[in-house]
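One-based numbering along the sequence shown.
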Amino acid sequence: MIDLFDRRTMLRALEQSNPPKTFLLDTFFPTIQQSDTDTVDIDIIKGKRKLAPFVAPMHEGKVIVNEGFETFTFKPPYIKAKKVTTAMDILKRSAGNTIYQNELSPMQKAAQKVGADLRELQEMITRREEWMAALALTTGKIHVQGEGINQVIDFQMPKDHKIELPTGKKWSDPNSDPISDLRRWQTKVVQDSGLVPRIAVLGREALNALLEHKKMQKILDNLRMNVGHIDPKALPNGAKYWGCIEDIDLYSYNEWYLDDAGKEQPMIPENMIILGADNARTARHYGAIHDLDATAAVRYFPKSWAQEDPSVRFVMLQSAPLVIPHQIDAFMSIQAV
């Protein structure tokens with residue numbers, strides 16, 4: 001209860017927001033492709049390391065069999081998020097204003113709220129895209145579940161690219177060998193994809209196990225060995241660069257999301273490592289917008305309309321995003337601890 005005869009001071013409003021981080025999207029999915037169809041297809045041709053055949057000069061040339069290709073089809077899931085503005089949202093005092101302070105007109109406040117709602121909805125979609133990227137790189141699959149939809153999008157990550165270290169080999173074990181593991185995993189990715197993975201994104205527990213490992217400490221303490229160095233640097237998109245082990249750059253990632261139970265979860269599981277090539281063929285695909293007012297292929301389609309009775313205004317943002325690691329064998333997911 002406010003006593004009107006008490007002298008009071010209104011401080012400037014404090015708005016605590018958590019804009020989405022996009023380290024995974026920016027690093028591994030920089031390409032953006034928009035389409036006006038529900039599905040996207042890609043033909044993948046996997047070459048083999050064949051040797052040219054030897055023949056005697058007077059014999060016929062050896063016929064080399066042409067390699068076939070495989071077509072993969074993906075259907076981006078659909079997002080429709082909307083917010084509502086009522087008359088009370090406009091007539092009530094805004095945060096940070098006193099009850100007697102002249103502020104924006106009702107029309108200005110309504111326009112301001114619509115803009116704020118659209119920003120919030122776009123941030124939610126962006127965070128969902130980052131969540132997709134995290135799942136695709138750690139599990140090779142994305143489980144799309146919501147109202148009227150329940151499907152699993154499988155990118156067919158090879159089984160030997162999804163590794164769980166056994167007891168005694170986990171990095172928390174002093175007898176393990178993280179440096180040798182990284183070297184072996186990198187070689188495996190090169191063998192399968194032809195690309196060199198130079199980026200490792202580590203969950204908190206995996207990072208701590210690596211930094212505290214006795215073999216890692218021995219390398220850092222030995223100044224005569226130019227194998228690795230640790231020089232932590234915070235990056236603006238939520239990641240932290242820790243340094244380089246041989247030719248693999250090490251990052252941690254401080255980003256979370258709310259799961260269906262309302263509990264915050266780390267974007268990268270704490271015991272996981274993503275090892276990947278940032279030059280792999282990947283893309284952020286955006287499918288068709290199912291709206292009669294949409295006339296072009298776009299990433300996000302905003303829409304606003306008023307309802308007469310009761311008097312409310314809706315603002316909606318639609319999108320059909322899907323992150324696709326086309327060269328899935330250029331990535332490896334490891335449960336290190």
- Derivation and outcome, side-chain contact (heavy atoms from CB on, under 4.5 Å), residues D117 and T85: CA-CA 9 Å; D117 287 347; T85 298; 3.7 Å; yes
- Message: Using the rule given for side-chain contact (heavy atoms from CB on, under 4.5 Å), can you reason through W131 versus T126, listing the C-alpha separation, both sets of side-chain angles and the distance that settles it, and then say yes or no?
- Response: CA-CA 9 Å; W131 173 87; T126 300; over 6 Å; no
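- Between L207 atom CG and K240 atom NZ the span is 9.0 Å, to the nearest 0.5 Å.
- A salt bridge is absent between K21 and E130; no separation between the charged side-chain nitrogens and carboxylate oxygens falls under 4.0 Å.
- Side-chain contact between I268 and L137 is absent, with no heavy-atom pair separated by less than 4.5 Å.
- When the side chains of ILVMFWY residues are joined at heavy-atom separations under 4.5 Å, either directly or via intervening members, M316 and V298 end up in two distinct hydrophobic clusters.
- Using a 4.0 Å cut-off between charged side-chain N and carboxylate O, K169 and D173 make no salt bridge.
- The CG atom of L24 sits 12.0 Å away from atom OH of Y251, with the distance rounded to the nearest 0.5 Å.
- A single hydrophobic cluster is seen to contain both L210 and M332, as judged by linkage of ILVMFWY side chains at heavy-atom distances under 4.5 Å, directly or through other members.
- Taking the side chain as every heavy atom from C-beta outward, H143 and N150 approach each other to under 4.5 Å.
- The shortest heavy-atom contact between L322 and M132 is CA-SD, 4.0 Å.
- F29 has its side chain within reach of P325: a pair of non-hydrogen atoms, C-beta onward, lies under 4.5 Å apart.
- Shortest non-hydrogen contact noted between S319 and Y286 is OG-CD2, 3.7 Å.
- Counting heavy atoms from C-beta on, the side chains of W305 and D293 never come closer than 4.5 Å.
- Under the 3.5 Å distance criterion, the side-chain polar atoms of T282 are matched with a main-chain donor or acceptor of F28.
- For S176 (side chain) and S172 (main-chain N/O), no donor-acceptor pair under 3.5 Å exists by modelled atom type.
- With hydrogens and angles ignored, the 3.5 Å screen pairs a side-chain donor or acceptor of Q186 with a backbone N or O of P197.
- V144 and L25 fall within the same hydrophobic cluster, defined by Ile, Leu, Val, Met, Phe, Trp and Tyr side-chain heavy atoms under 4.5 Å apart, directly or through other members.
- With 3.5 Å as the limit, one finds no donor-acceptor pair spanning the side chains of N271 and E205.
- Residue R299 is tested with R284, Q33, Q122 for a side-chain contact (heavy atoms from CB on, under 4.5 Å); the sole match is R284.
- In this structure, the side chains of L135 and F155 stay at 4.5 Å or more apart for every pair of heavy atoms.
- Proximity of a side-chain donor or acceptor of Q335 to a complementary backbone N or O of M272 within less than 3.5 Å is not detected.
- Taking 4.5 Å as the limit, some side-chain heavy atom of L195 sits within range of a side-chain heavy atom of N279.
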- Item | Stepwise side-chain contact (heavy atoms from CB on, under 4.5 Å) test for E147 and I149 | CA-CA 6 Å; E147 189 171 336; I149 185 172; over 6 Å; no
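- The cluster map of Ile, Leu, Val, Met, Phe, Trp and Tyr, joined by side-chain heavy atoms under 4.5 Å apart, puts F314 and L317 in different clusters.
- Note that the CD1 atom of I199 and the CD1 atom of I248 stand 10.5 Å from one another [nearest 0.5 Å].
- Taking a cutoff of 4.0 Å between a charged side-chain nitrogen and a carboxylate oxygen, R198 and D249 do not qualify as a salt bridge.
- Between F331 and H161, the ring centre distance reaches or exceeds 6.0 Å.
- What you find for T138 and P269 is that their closest heavy atoms are CG2-CD, 4.3 Å.
- A salt bridge links K188 to D160: at least one charged side-chain nitrogen sits closer than 4.0 Å to a carboxylate oxygen.
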- Given side-chain contact (heavy atoms from CB on, under 4.5 Å), test W171 with I273 step by step and report yes or no. CA-CA 11 Å; W171 286 4; I273 299 172; 3.3 Å; yes
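- Using a distance-only test at 3.5 Å, with no hydrogens or angles considered, a donor-acceptor pair links the side chain of Y78 to the main chain of H290.
- Contact between P158 and D329 at its shortest, heavy atoms only, is CG-CB, 4.2 Å.
- Note that CG of L118 and CD of E123 are 11.5 Å apart. Values are rounded to the nearest 0.5 Å.
- In this structure, I79 is a member of the same hydrophobic cluster as L121, with clusters built from ILVMFWY side-chain heavy atoms closer than 4.5 Å.
- Listed for the K170 side chain is a donor-acceptor partner under 3.5 Å among the backbone atoms of L165.
- The shortest side-chain heavy-atom distance between E264 and L258 falls under the 4.5 Å cut-off.
- Side-chain atoms of S333 never come within 3.5 Å of backbone atoms of I274 as a donor-acceptor pair (strictly under, hydrogens ignored).
- W185 CH2 to L275 CG: the interatomic distance, rounded to the nearest 0.5 Å, is 8.5 Å.
- Below 30°, between 30° and 60°, or above 60°: for Y253 and F23 the angle between ring planes is between 30° and 60°, a tilted geometry.
- Heavy atoms only, all atoms of each residue included: R313 and S304 are closest at NH1-OG, 2.8 Å.
- In this structure, Q34 and A297 approach most closely via the heavy-atom pair NE2-O, 3.0 Å.
- Using a 4.5 Å heavy-atom threshold, the side chains of T187 and R184 count as separate.
- Rounding to the nearest 0.5 Å places CG of D259 at 4.5 Å from CD of Q265.
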